[in-house]
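Here's the structure we're looking at; comments come further down.
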Number of protein chains: 2
Amino acid sequence: MTKTKDKNTEEQILMAAKDVFQTKGMDGARMQEIADKAGINKAMLHYYYRSKQLLFEAVFKNAFSLLAPQLNKILNDNSSIEDKVKNFSSNYISFIIKHPYLPNFIIQELNRNPDFIKNIQENNSILNIDKFKAQVALEVEQGILKPTKGDQLFINILALNIFPFVAKPLVKAFVKTDDQGFKKLMEQRKTEVSEFIIHSIKQH
Amino acid sequence: MTKTKDKNTEEQILMAAKDVFQTKGMDGARMQEIADKAGINKAMLHYYYRSKQLLFEAVFKNAFSLLAPQLNKILNDNSSIEDKVKNFSSNYISFIIKHPYLPNFIIQELNRNPDFIKNIQENNSILNIDKFKAQVALEVEQGILKPTKGDQLFINILALNIFPFVAKPLVKAFVKTDDQGFKKLMEQRKTEVSEFIIHSIKQH
DNA sequence: ATCTTTGCTAACCAAATGGTTAAACTTTAT
DNA sequence: ATAAAGTTTAACCATTTGGTTAGCAAAGAT
């Protein structure tokens, strides 16, 4: 066998699986559909990944490992809270526009099986808001920020950035717009969200 | 047959179905599990609701009809934006603590089948943000609010209130807390969220 | 009392689905 | 060239699953 062909099939499968799992979820996904999309025999899925469960986990870990660095930007770099908020909101929204099914996939599957988060925390050491909380406390003390609780602020940042994508059908219905209009709305939010947050927490 | 027994079985089924569908989703739910939970024979599910799809739709419409009035509070009553935000945040969070699976269920299933939203808009006439947007524009003009886009504000209000429940496993992991601590955090948010929003948009 | 309608169950069915196997084909090593 | 190892497929299998059926049981109507 050629090493290249090898990798190709295995990766083909992973890509197809990603496609199907992210749109249909674990329960809705069909092995046959993944095989068809990868252009191979169904037995190959088991040859490379043993079972649906393991293939799913491969896809899930892959997805999460894309998201984690985004979150780390806000948790563990050294810029000011204001800069973090600005950068994160802009970057994150750009990121999701490129991977639209990702947040929903992760949230849906974490709700289906909350134990997954344990696996993740073991592999992804740095998902820790302690530093962020300490920094918020410090900037509050320094009079840069109004009195603000770090964990609530973090939840708010995530909420404002992630929610619209997770609830996309709902948002589209309320704002009465199509995919085009939705994308425009999200582009607006790249600056809108950070301004909204900064206005709320910055001392003036 | 007694008319009461009649109603009882049908409702028993709906309650069991609600339970199973809301935790497992359409694809993960099993008719047998619903029957077991309702304490009846599987054939009864079809006797009363014909098919899994129709039973699911009954549950879904039921769930949405619980949520809709909550949203209407913020869209179509006559209080000021500030009061709306305060009331909505407090009421909505109380409401969800009582129905914890609801937002996730609705969002998950709307993503699975975006056409559902059409059915809903036909039955639930008043899911319309026009009045809210007009009110925001007016209060901006009057100098009560800073320049603010109505639709973005509405998205933000939803995001801040709904997201933590949808992403509960994620939030729990980040904040490193259990169900107790999560609930406390959400109780805090009843006032926290509205203050956060008001601080951001109110002219001072 | 008995006849009809309605509620309910056990047993059954066909299709779908995740997974396996045996054999063929390819590539690599000797 | 040939053997060994890795890759791929068609056919198959057992189980699960949504759904049906035929008949029993209970209640209401006559």
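None of these values were measured; they are calculated from a predicted model.
- Looking only at side-chain heavy atoms (C-beta outward), B:Gln32 and B:Asp36 come within less than 4.5 Å of each other.
- Between B:Lys24 atom NZ and D:dT16 atom C1' there is a gap of 14 Å when expressed in whole angstrom units.
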Interface polar pairs with nucleotides 21-24 of chain C, N/O, under 3.5 angstrom:
none

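- Between B:Thr9 and C:dG7, a side-chain N or O to OP1/OP2 separation shorter than 4.0 Å is absent.
- A distance of 5.5 Å separates CZ in B:Phe165 from CD1 in B:Ile93, rounded to the nearest 0.5 Å.
- Distance, A:Leu45 CG to D:dA10 P: 14 Å, rounded to whole Å.
- B:Tyr47 has its OH atom 14 Å from the C1' atom of D:dT21, to the nearest Å.
- Across D:dG19, C:dT6, D:dT7, the shortest atom-to-atom separation from the side chain of A:Tyr48 is found for D:dT7.
- For the pair A:Asn8 CG and D:dT8 C1', the computed distance is 15 Å after rounding to whole Å.
- Within residues 26-41 of chain B, the residues having any heavy atom under 4.0 Å from DNA chain D are, by residue number, B:Ala29, B:Arg30, B:Met31.
- For residues 144-170 of chain B, the set of pairs meeting the salt bridge (Lys or Arg N to Asp or Glu O under 4.0 Å) definition, not counting sequence neighbours, comprises A:Glu192-B:Lys149, B:Lys133-B:Asp151, B:Lys168-B:Asp179.
- Contacts with DNA chain D (heavy atom under 4.0 Å) in residues 49-59 of chain B: B:Ser51, B:Lys52, listed by number.
- In this structure, a donor-acceptor pair under 3.5 Å is present between the side chains of B:Asn78 and B:Lys131.
- With sequence neighbours left out, B:Ser79 forms a side-chain hydrogen bond (donor to acceptor under 3.5 Å, both in side chains) with B:Asp77.
- Judged by distance alone, with hydrogens and angles left aside, the side-chain atoms of A:Ser90 form no donor-acceptor pair with the main-chain N or O of A:Asn87 at under 3.5 Å.
- Taking both residues in full, the closest heavy atoms of A:Glu187 and A:Ile97 are given as OE2-CD1, 3.6 Å, listed atom of the first, atom of the second, then distance.
- In this structure, B:Lys42 places its NZ atom 10 Å from C1' of C:dC13, rounding to the nearest Å.
- Defined by atom type and a distance below 3.5 Å, a donor-acceptor pair is missing between the side-chain atoms of B:Ser89 and B:Lys190.
- Atom pair A:Gln12:CD and D:dT8:C1' shows a separation of 14 Å (rounding to whole Å applied).
- Among B:Gln135, B:Lys86, B:Lys202, the one residue that satisfies the side chain to side chain contact (heavy atoms under 4.5 Å, CB included) test with B:Ile81 is B:Gln135.
- Sequence neighbours left out, the pairs with a member in residues 105-114 of chain A that pass side-chain hydrogen bond (donor to acceptor under 3.5 Å, both in side chains) are A:Glu109-A:Arg112, A:Asn111-B:Asn104.
- Across B:Ile34 and B:Ala16, no two heavy atoms sit closer than the pair O-CB, 3.6 Å.
- With rounding to whole Å, B:His46 atom NE2 is found 15 Å from C:dT9 atom P.
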